[in-house]
Trainee: 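Below is a structure I'd like to ask you about.
For this chain, numbers begin at 1 and follow the sequence in order.
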Amino acid sequence: MRSLVALSLLASVAAATPALADAYRWQLRQSPESVVVAYEVPDTDDQPLGLFCEPEGKAFSITYRPGADKIRKGWSGVVSFSSDGGQVDVPMQAVEDELSGLTLEAKAAFDPDWTVVLGKGRTLKIAFSGQSERIKLAGVAKGAAALAKACGL
């Protein structure tokens with residue numbers, strides 16, 4: 001009987017995992033001061049990837065939370081963001097955040113290649129230090145266009 005309960009519980013968790021992945025959406029938030037394009041679970045603080053632009057100074061920044069087990073305090077290196085449209089390599093460093101733990105962050109000039117990386121293909125591959133993850137690009141086109149308009153050269 002115990003094995004049936006354990007098997008049932010395991011099946012429930014396995015069935016829920018795709019549902020959690022499907023909860024993530026590309027969201028666009030715009031104001032005169034900023035444009036934010038985030039891959040997140042709506043109405044939560046769960047935001048693994050954020051692209052931010054302050055149009056006035058053309059300040060562009062990126063945050064990426066790969067998970068606590070994938071980075072260590074003090075890590076810095078190049079993170080590659082790629083799709084069928086191309087690749088953007090970004091030097092990033094781990095920053096400790098009280099709420100979300102370790103986050104990779106970068107401040108850089110906006111690279112026009114972001115528009116094609118986000119605009120072509122079905123998935124965005126994020127790779128660093130021999131590890132990678134893929135996230136869906138469906139729904140990001142409007143946000144990519146807003147970033148390019150606000151922060152583009």
Trainee: Taking atom CD1 of I126 and atom CD1 of I135, what is their separation to the nearest 0.5 Å?
Mentor: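 Answer rounded to 0.5 Å: 4.0 Å.
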
Trainee: Indicate yes or no for a side-chain donor-acceptor contact from E105 to the backbone of M92 under 3.5 Å, with no hydrogens or angles considered.
Mentor: no

Trainee: For A146 and Q30, which heavy atoms make the closest approach, and how far apart are they?
Mentor: CB-NE2, 3.7 Å

Trainee: Identify the heavy atoms of D113 and Q87 that sit nearest to each other, and give their distance.
Mentor: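 Where D113 meets Q87 most closely, the heavy atoms are OD2-O, 4.4 Å.
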
Trainee: Who passes side chain to side chain contact (heavy atoms under 4.5 Å, CB included) against E96, sequence neighbours left out?
Mentor: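 Result, side chain to side chain contact (heavy atoms under 4.5 Å, CB included) vs E96: K73, L102.
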
Trainee: Measure from the side-chain N and O atoms of T44 to the backbone N and O of V41, and report whether any donor-acceptor pair falls under 3.5 Å.
Mentor: yes

Trainee: Between Y64 and T103, does a side chain to side chain contact (heavy atoms under 4.5 Å, CB included) hold up when you go through it step by step?
Mentor: CA-CA 6 Å; Y64 171 55; T103 300; 5.9 Å; no

Trainee: For V117, check side chain to side chain contact (heavy atoms under 4.5 Å, CB included) against everything at least two apart and list the hits.
Mentor: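 Residues passing side chain to side chain contact (heavy atoms under 4.5 Å, CB included) with V117: S83, V88, L124.
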
Trainee: Is there a path of hydrophobic side-chain contacts, each under 4.5 Å between heavy atoms of I/L/V/M/F/W/Y residues, joining L28 to L118?
Mentor: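 Yes, L118 and L28 fall within the same hydrophobic cluster.
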
Trainee: Taking salt bridge (Lys or Arg N to Asp or Glu O under 4.0 Å) as the test, write out the residues that go with E33, two or more places apart.
Mentor: none

Trainee: Hey, mind stepping through I62 and V90 against side chain to side chain contact (heavy atoms under 4.5 Å, CB included) and telling me if it holds?
Mentor: CA-CA 9 Å; I62 305 158; V90 181; 3.9 Å; yes

Trainee: Extract all donor-acceptor atom pairs below 3.5 Å that involve side chains of residues 46-55 and protein atoms in other chains or at least two apart in sequence.
Mentor:
{"residue": "D46", "atom": "OD1", "partner": "Y24", "partner atom": "OH", "Å": "3.1"}
{"residue": "D46", "atom": "OD2", "partner": "Y24", "partner atom": "OH", "Å": "2.6"}
{"residue": "Q47", "atom": "NE2", "partner": "E40", "partner atom": "OE1", "Å": "3.0"}

Trainee: Test of understanding: with side chain to side chain donor-acceptor pair (under 3.5 Å), list the residues that count as partners of Q93, not counting sequence neighbours.
Mentor: none

Trainee: What's the separation between atom CZ in R25 and atom OH in Y39, rounded to the nearest 0.5 Å?
Mentor: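 Between atom CZ of R25 and atom OH of Y39 there are 8.5 Å.
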
Trainee: Is a donor on one side and an acceptor on the other found under 3.5 Å between the side chain of W114 and the backbone of G119?
Mentor: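 No; zero donor-acceptor contacts below 3.5 Å.
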
Trainee: Hey, what do you get for CD (E56) to SG (C151), rounding to the nearest 0.5 Å?
Mentor: 12.0 Å

Trainee: Decide yes or no for V95 and W75: does some side-chain heavy atom of the first lie under 4.5 Å from some side-chain heavy atom of the second?
Mentor: no

Trainee: Quick one: closest heavy-atom pair of P91 and A106, and the distance?
Mentor: O-CB, 3.3 Å

Trainee: Looking at every non-hydrogen atom in both residues, tell me the closest pair between T115 and A148 and how far apart they are.
Mentor: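 Looks like OG1-CB, 3.5 Å.
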
Trainee: Which residue pairs satisfy the side-chain hydrogen bond (donor to acceptor under 3.5 Å, both in side chains) criterion with at least one member in residues 118-127, sequence neighbours excluded?
Mentor: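 Sorted pair list comes back empty.
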
Trainee: Is there a chain of hydrophobic side chains (I, L, V, M, F, W, Y, each step under 4.5 Å between heavy atoms) that links V116 to L147?
Mentor: no

